[in-house]
Amino acid sequence: MTPRTSVDTPTPASPTSPAGAIIPSGGVRRLTGLKPTGHLQLGNLLGAIRPIVASQYRSETIVFLADLHALTVTHQPAQVRALTLEQATVLLAAGLDPDRALLYVQSQVPQHAELHYLLECTTGYGEAHRMIQFREKSTNQQQVRLSLLSYPVLMAADILLHDTQEVPVGDDQSQHLELARTVANRFNARYGDTFTVPRAVHPTVSARVMDLADPTSKMGKTGDSDAGTIFLLDPPEVIRRKVQRAVTDPGRTVEYDPERRPGLANLLDVLAACLGSSPTALAADYRSYAQLKAAVTEAVEAMLRPIRLRYDELARDPGYVRRVLADGADRARESTADTVHRAKRAIGLLR
Ligand code: AMP
C-alpha cells in the first residue's frame, strides 16, 4: 500500500457539484485558516492574505475562518462572531474572489469536528503535550482549556479534510504541520491509504513583519499594546502616528542591517514589501529617518486605502458577505463529505 503524498501523487481533480466546480481546478491545493481572535493587521496582509490572493490564480485555494480555534482560549462569544464576519469581509476587500477560491467559516462545516475526533483517536497524549505552542500558551493561564491541548489535532483535521497538498506556515506553526503529517502517515499505515500527506511551504523572510514599537517581536493582532500594530482598517492618521513613533535606534544613517538595527530594517522591509522592491536597494534612497518614515506612511496608506474603501462598501451589505460564506460552507460540506466517509470506513465505523 502506498501512502498518499503531496509529492508523488498527481494533483487531485477538483470535486464537482451539479452547479459546477467546488474549487476551480488547476495547480496545487493550498489551505489557509485565519483565527478570528483580533483585527487583521499588516503582518496578516503581507504574510498571509496577499500570498493567498495571488495564489488563487494558480492554485486550488481554500481559506476558512477558524472560529473553532478561537474558542481554545478565553473568548467573548459576540466578539468571535463579529470578528469572523469582519475578517471574511477584509479578505473579500483585499481581493479574494469567491468564484476562484473556497471561502467559508469552519464551524459551518461539521466535517472539521467529525474528523477531529477520528484523528484524536490516532494521536498520542504525549505528542499533543509536546507542542511548544501548548506550553507557551498554557503558561500563566489559570484554567487551560482541553481544546488548547488538542487544537493541533483539529488543525490536522482542517488540513487532511481537503486533501490539502500545501500549507503555508510560519515558524510557529511548523511543529503542528509536522504533527498533521505524522498523523496522516500513521492513519494511512494502520487503516489503509486514506489521506493526502501535506507539505509545509514557508513564506519569504521579508513577509515577517515585526512590531513597530518592539521590533524584536512579530506584529500580532492580539498583543498587549496596539502601539506597534498597524491594523488593516486603521484610519490614515492612526497609521501615520504609529509609523512616526516606530522604534528605530540612535544612529543617523539609513542602512539595512536586521541584526544590529532591527527597527530600521523592519521599516525597510515593510516599504520593500509595499513597493515590491528590495530593502537594501531602498536604504540608499533615504538620508534621514524622517524621510524614510514619511515614505513608509505613504506606501502603507496607498496599499491599505483601496482595501479600506472596498471594506466600507461591503460592510454596508453584510447580507452579501453572509451569502458568500453560506455558499462556501455548502461547497465545503459537499467536497469534504467523501474524506470523512473514507476515514470512517477505514477506521471501522462503516462498511
Ligand atoms: P495569526 O494572526 O497568528 O492567526 O496568523 C494568520 C496568518 O498571518 C499566518 O499565516 C501568519 O503566518 C500570518 N502572520 C501573522 N502575523 C504576521 C506577521 N507579523 N508577519 C508575517 N506574517 C504574519
Side-chain angles (χ1 to χ4, degrees), residues 30-55 59 61-73 75 79-80 83-84 86-88 90-91 94 96 101 103 105-106 131-134 136-137 148 151-152 154-155 158-159 164 166-177 180 198 200-234 242 246-247 258 262-263 265-274 279 300 303-304 307:
R30 280 190 167 202
L31 172 123
T32 305
L34 291 174
K35 201 164 54 172
T37 47
H39 303 294
L40 291 168
Q41 39 82 21
L42 191 61
N44 295 126
L45 181 68
L46 298 177
I49 300 173
R50 242 178 29 170
I52 294 169
V53 170
S55 87
S59 309
T61 301
I62 303 170
V63 187
F64 66 97
L65 283 315
D67 57 348
L68 295 178
H69 287 280
L71 311 186
T72 56
V73 289
H75 75 285
Q79 204 194 17
V80 171
L83 285 170
T84 300
E86 180 183 300
Q87 292 196 358
V90 169
L91 283 163
L96 193 75
L103 172 67
V105 177
Q106 185 187 27
M131 295 292 121
I132 298 162
Q133 288 263 309
F134 173 71
E136 284 179 1
K137 290 187 178 174
L148 188 65
Y151 97 84
L154 176 58
M155 188 174 146
D158 302 336
I159 297 167
T164 305
E166 287 188 356
V167 187
V169 286
D171 292 345
D172 51 351
Q173 292 295 326
S174 294
Q175 198 188 20
H176 294 163
L177 202 271
V201 287
H202 298 281
T204 55
V205 177
S206 63
R208 193 171 152 91
V209 181
M210 308 308 280
D211 190 291
L212 297 181
D214 171 13
T216 56
S217 57
K218 205 169 111 171
M219 189 181 281
K221 51 180 148 60
T222 44
D224 293 337
S225 154
D226 287 355
T229 304
I230 295 180
F231 294 107
L232 301 184
L233 301 176
D234 271 347
K242 287 177 177 172
V247 167
N266 188 36
L267 287 175
L268 286 162
D269 276 334
V270 168
L271 187 60
C274 293
V300 170
M303 187 172 60
L304 297 189
I307 297 175

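Source: prediction; values computed, not measured. Counting starts at 1 for both ligands and their atoms, following the listed order.
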(request) Could you tell me whether a side-chain N or O of Q175 sits under 3.5 Å from a main-chain N or O of I132, the two making a donor and an acceptor? (result) yes

(message) Could you tell me, atom by atom, which parts of ligand 1 come under 4.0 Å of a heavy atom of L34?
(response) 6 (C), 7 (C)

(request) Identify the two heavy atoms, one from A88 and one from L103, that lie closest to each other, and give their separation to 0.1 Å. (result) O-CD2, 4.5 Å

(message) Any atom of ligand 1 sitting under 4.0 Å from a heavy atom of L46?
(response) no

(message) Heavy atom to atom 5 (O) of ligand 1, shortest distance: which of I49, N44, L42 holds it?
(response) N44

(request) Look only at interatomic distance and state if G33 has a nitrogen or oxygen under 3.5 Å from any nitrogen or oxygen of ligand 1. (result) no

(message) Please check: side-chain N/O of R30 versus main-chain N/O of V201, any donor-acceptor pairing under 3.5 Å?
(response) no

(message) Evaluate G43 for polar contact with ligand 1, using N/O atom pairs at a separation under 3.5 Å.
(response) yes

(request) Without swapping roles, check the side chain of Q79 against the backbone of P36 for a donor-acceptor pair under 3.5 Å. (result) no

(request) Would you confirm whether N266, through its side chain, and P215, through its main-chain N or O, come within 3.5 Å as a donor-acceptor pair? (result) no

(request) Name the option, out of Q41, H69, K35, that contains the heavy atom nearest to atom 16 (N) of ligand 1. (result) Q41

(request) Give the numbers and elements of all ligand 1 atoms closer than 4.0 Å to a heavy atom of G47. (result) 21 (C), 22 (N)

(message) Please find the pair of heavy atoms, one from L177 and one from I159, that lie closest to each other, and give the distance.
(response) CD2-CD1, 3.6 Å

(message) As a check for students: among M219, K218, Q173, identify the option with a heavy atom nearest to atom 12 (O) of ligand 1.
(response) K218

(request) Write out the residue and atom name of the closest protein heavy atom to atom 10 (O) of ligand 1, then the distance separating them to 0.1 Å. (result) A48 CB, 3.6 Å

(request) Determine the minimum heavy-atom distance between P258 and A265, stating which atoms define it. (result) CA-CB, 3.5 Å

(request) Please check atom 3 (O) of ligand 1 for a protein heavy-atom neighbour under 4.0 Å. (result) no

(request) Report, in ascending order of atom number, the atoms of ligand 1 lying under 4.0 Å from any heavy atom of R208. (result) 20 (N), 21 (C)

(message) Below a 4.0 angstrom heavy-atom separation, can you tell me which part of T37, side chain or backbone, both or neither, approaches ligand 1?
(response) neither

